[in-house]
Amino acid sequence: MTNAVKGPASYFPSIEKMYGRPIAEWKGLIRDSPLTKHMELVNWLKTEHGVGHGHANALVAHTLAEEAGR
């Protein structure tokens with residue numbers, strides 16, 4: 001039996017399929033952005049990259065959690 005992916009990472013396959021970029025590339029964009037607040041980054045992904053709210057939220061949440069060492 002395999003463990004199902006939970007949390008923000010569960011969105012990653014559909015994000016890659018829908019937007020045509022690997023997750024590592026999205027995380028790099030987020031990390032390289034001068035923005036630091038969660039909702040600033042979510043809104044930036046939505047307006048500048050056309051990412052839907054749920055997908056943007058998942059990308060930002062996962063990336064910021066990694067940066068915080070969680």
Side-chain angles (χ1 to χ4, degrees):
M1 181 179 215
T2 60
N3 292 332
V5 176
K6 297 178 183 177
S10 66
Y11 288 93
F12 289 177
S14 61
I15 291 169
E16 289 181 331
K17 184 177 180 181
M18 183 171 285
Y19 305 106
R21 289 183 178 191
I23 296 304
E25 189 173 328
W26 288 113
K27 288 181 177 186
L29 289 171
I30 293 166
R31 287 185 182 112
D32 291 343
S33 169
L35 304 172
T36 58
K37 294 183 181 177
H38 182 96
M39 286 310 297
E40 288 177 339
L41 288 160
V42 168
N43 289 327
W44 173 71
L45 287 174
K46 290 167 59 175
T47 58
E48 295 298 318
H49 297 282
V51 178
H53 182 81
H55 287 160
N57 190 56
L59 286 166
V60 171
H62 197 271
T63 304
L64 293 181
E66 281 183 341
E67 292 295 307
R70 294 184 200 166

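Throughout, numbering of the chain's residues begins at 1 and tracks the sequence.
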Measuring from [X]:[atom1] to [Y]:[atom2], what's the distance to the nearest 0.5 Å?
X	Y	atom1	atom2	answer
Leu45	Glu40	CG	CD	12.0 Å
His38	Thr63	NE2	OG1	10.0 Å
Leu64	Lys27	CG	NZ	11.0 Å
Asn57	Leu41	CG	CG	11.0 Å
Tyr19	Glu25	OH	CD	14.5 Å
Thr36	Glu67	OG1	CD	11.5 Å

Do [X] and [Y] come within less than 4.5 Å of each other through their side chains, counting heavy atoms only?
X	Y	result
Asn43	Glu48	no
Val51	Ile15	no
Trp44	Leu29	yes
Ile23	Leu59	yes

If you look at every heavy atom in [X] and [Y], which pair is closest and at what distance?
X	Y	answer
Glu16	Pro22	OE2-CA, 3.5 Å
Ser10	Gly7	OG-O, 2.7 Å
Pro8	Ala61	CG-CB, 4.1 Å

Should we count CE of Met39 as having more than 12 external heavy atoms under 6.0 Å?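 Yes, CE of Met39 has more than 12 neighbouring heavy atoms, counting only those of other groups under 6.0 Å.
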
Could you tell me if the ring centre of Trp26 sits under 6.0 Å from that of His55? no

Kindly say whether the aromatic ring centers of His62 and Tyr11 come within a distance under 6.0 Å. no

